[in-house]
Amino acid sequence: MTDALIALVALPLTAALLALLLPRIATALVIFSGLAITASAIALLYGVNTAGALHYELGGWTAGLGIALRADGLSAILLLMIALVMFAASVYASAYFGKASERAQFWPLWLLLWTALNALLLSGDLFNLYVTLELLGLSAVALAALSGKHAAVQAALRYLLVGLLGSMLFLVGVALLYAGYATLDLATLTQVVKPGPIAWSALTLMTLGLLLKTALFPLHFWLPPAHGSAPAPVSAVLSALVVKAAFYLVLRLWLDVFADIVTPTAANLLGVLGAGAVLWGSWQALRAERLKLLAAYSTVAQLGYLFLFFPLLLALPPGPARDVATGGLVMLALTHGFAKAGLFLAIGIVQQRSGHDNIQELGGMVQRLPLTTFAIALAGVALIGLPPSGTFLGKWQLISAAIATGQWLWVAVTAIGSLLAAAYIFRILGHAFGNQPYPHQAVAVAREEWPALLLTLTATLVLGLAGAHVWTLLENGS
Amino acid sequence: MLTTQWLYALSGCLLLALGLRSALLHPALLQRILAINVMGSGVFMLLIAIAYRGPGMPPDPIPHALVLTGIVVAVSATALALALARRLTREQPHD
Amino acid sequence: MNATMLLIFDALLLASIIGLAWAALASADARRSVILFIAFGLLLAVAWGRLLAPDVALAEAAIGAGLTGALLLAALQWQPRKTADTTNSEQPTHTLLETGFRWLVTLLCAALAGMLAWSLTQIDAGTAKDALANAVAANIDASGVSNPVTAVLLNFRAYDTLLELAVLLTAVLGIFALGPAQAGYRIAGPVFTSLTRWLTPLLILTAGYLLWVGAHAPGGAFQAGATLAAAGVVLRLAGRDQIGLPRGNALRIALGAGVGMFLLVGLALFALGRPFLGYPPAWAGALILLIETAAMLAIAATLVSAFIGGQPTEEKTRC
């Protein structure tokens, strides 16, 4: 079962090398390895569900001297989401990049990004996490700059500098923890870490660095231009997966490693920033003139909801009540991942066919691109949080936990955010379903439309209807 | 900690703060890239100071290995940042 | 007496390092900043030597100051430089708000340094801070090398190094995606050309030595790769477009060699029933040397590619 841990890192990395050396068959390689990675992620999830948390000591050295890979229910679920979203986006990208020379540059970097995401989710070592963060950051930046357009390169450079700043702050925390506890192994650290200046400072620095990378308001300034000017499949995974990888680490640090260190006051601060993100991000999405910017600001807002959970989780005693709320958080992160990836892919189709993505000028889109418009509508259902989407279940838990702990402010924020989301989604749909003649020749390509549709369907139907399994998996895999 | 460790660790903190300030405030791109490298050097100094055990004593090799990795990661990131910056200045408005 | 001298040395060294960093970052002139930064890197190498970290000192001198310096100097060519004739009136004037913001950032940075320093005072001497160092010492005989830093990098924490080579590969592929390399420099004069004639083989020899010696003394793939890259940089500066860097497929193989060899060894061992990257002790030394050789080539190819700023254009065969 632990073979899957190795496969999830070794497969995309080997495929990246092969795609670099054999550009002619790179597309087939990506699809083939994508299937193998997805199979490994399913095997891992199965293993975690039956045997509980798994770990693998690399090189056979005990964790501490060596590095351990670890997976539990949370990381296994997210790894499967990564596999499915990356696979769908790979199929899409094979049609999106028309020229062979574009694909030759794209595939190796794409697979390196996949390697980084999997390695980050599996890493059980503080310094190794730093290396995976840098691998993730550099591959994301290289992909974001791929179009070579001025705006894209400018946004990518800012993205790089912010990301490096974040990694540096993270690394200071790692150094401090090593000075204090002489270990880099997360599991060991969880047991020995004590409340005190070292733990507080390290947690502050690492969290600050990760908040920069996950673009929590008001540190989100770099995200809209970077996600708004990258190629469509890249925007999809940046918004759906890359920012979420940094969020996953915050969650891991706050709820696992530093569980005895964090205080309700600190969690409230994260909640306030999350509320700011929900309100500001939704408002900016409503005002955005371009579809891609709308989607990017919506990401800022949706990440905010995830941070609203921190004050709630800290207020609930460890046990069933907290686990139920954690499940809601995971559900929200999953749904956003699928919905936002699908939305960006659909927007990419609109942008390629129309030559622009100005919301005002998309009247009548539904006549020529019915499936794409439908995918956007489905993504909208999930972003607003209407039933039966997974977001509905997630927000339900959010509101329940807020009421149970008497934190009414977060209920109000969630309500206002959902109303604003409804407004910005219906603004797109109002134009798209208009009866103006759509002036562009739009040929639908199945390889582009179906990935978008399947991702958004997963967010609205599959996650909503099969939601209970997420809670079971989290419980069995701990 | 030993006095030597203190001296170097504190200098590392100072370099980190200097670098962070310039990374946030310096108007020129090149200096901002340098500033992030100075921050990195600050962290490296902290790590090497932690590893030090006094004259004649073998130091802890693990922070040394971490810093070696960090140096290579830093040069990779710097090279990519410089290439992006060059592309930006070379770029003619043709898109 | 010896201790006092050493303390004075430390104080002077650190004051110079901090002063150089300050001056490099305070300057508005790019050229000045870069030159001060290179000096800063060289003094850092002295500091690492002083703290008994010779492996890091070599890497800092070769990569931190050397190759990064070369990259930065190359960047000066296109960097819009503040020319000397702009008068001091160009000094940016800040509004009250901006000044307030600058002070706020400065204060926050100072607070951060203070917090960090305060935390360091709280480290209790009682903790088992040597636990990992002792574990390294206890297992070094099974690692295949006797230099503990190489043992950590290529054996105990080999997975870090594998991903680090992937970071290097990502950076160079990202650079290639941004466009072709720049044209070479003008052909250098006879003095520099004859200088390169003996400097290049010397650098290549040094690289080989560093690679070999890394198993038991300071050195290793990264220092060797950077030295090899320096040979490429020297040739490039001498105006050669042919800088020993292969083209096309051969270049791609060289760039991927480090990650490739690592994966090959790791997966082969895994297939034979050993842990991923778990070398049998009897073979560890040879396998590490194999991986390090491939890594050295990859590092050198990557750094030279980064220096010339893009993928070298495919040579038309015109011999």
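Nothing here was measured: the structure is a model prediction, and the numbers come from that model. FYI, side chains are in, hydrogens and waters are out, and symmetry mates aren't considered; it's all heavy atoms of this structure. In what follows, every chain begins at residue 1, and chains take the letters A, B, ... in the order their sequences are listed.
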B:D60 side chain near A:Y178 side chain, heavy-atom distance below 4.5 Å: yes
As an exercise, state the distance from CZ of A:R158 to CZ of B:R32, rounded to the nearest 0.5 Å. 9.0 Å
Nearest heavy-atom pair of A:L169 and B:M39: which atoms, and what distance? CD2-CE, 4.4 Å
For residues 7-22 of chain B against chain A, heavy atoms under 4.5 Å, the residues are B:L16, B:L20
With a 4.5 angstrom heavy-atom cut-off, could you sort out which part of A:L161 is near chain B: side chain, backbone, both or neither? both
Could you list the donor-acceptor pairs under 3.5 angstrom formed by side chains in residues 62-77 of chain B, with sequence neighbours left out?
unit_1, atom_1, unit_2, atom_2, d
B:T69, OG1, B:A65, O, 3.1
B:S76, OG, B:V72, O, 2.8

Taking 4.5 Å as the heavy-atom cut-off, does anything in residues 46-54 of chain B contact chain A, and if so which residues? B:L46, B:L47, B:I50
Among residues 125-147 of chain A, residues within the sub-4.5 Å heavy-atom range of chain B, in order of number, are A:F127, A:Y130, A:V131, A:E134, A:L138, A:V141, A:A145
Taking all non-hydrogen atoms of both residues, which atom of A:L157 and which atom of B:L29 are closest, and how far apart? CD2-CD2, 3.3 Å
Just by distance, do the side chain of B:R87 and the backbone of A:V153 share a donor-acceptor pair under 3.5 Å? no
Counting C-beta onward and ignoring hydrogens, is there a side-chain heavy-atom pair between B:V43 and A:V174 closer than 4.5 Å? no
Side chain, backbone, both or neither: which part of B:A81 has a non-hydrogen atom closer than 4.5 Å to chain A? both
What are the two closest heavy atoms between B:I36 and A:L165, and how far apart are they? CG1-CD1, 4.1 Å
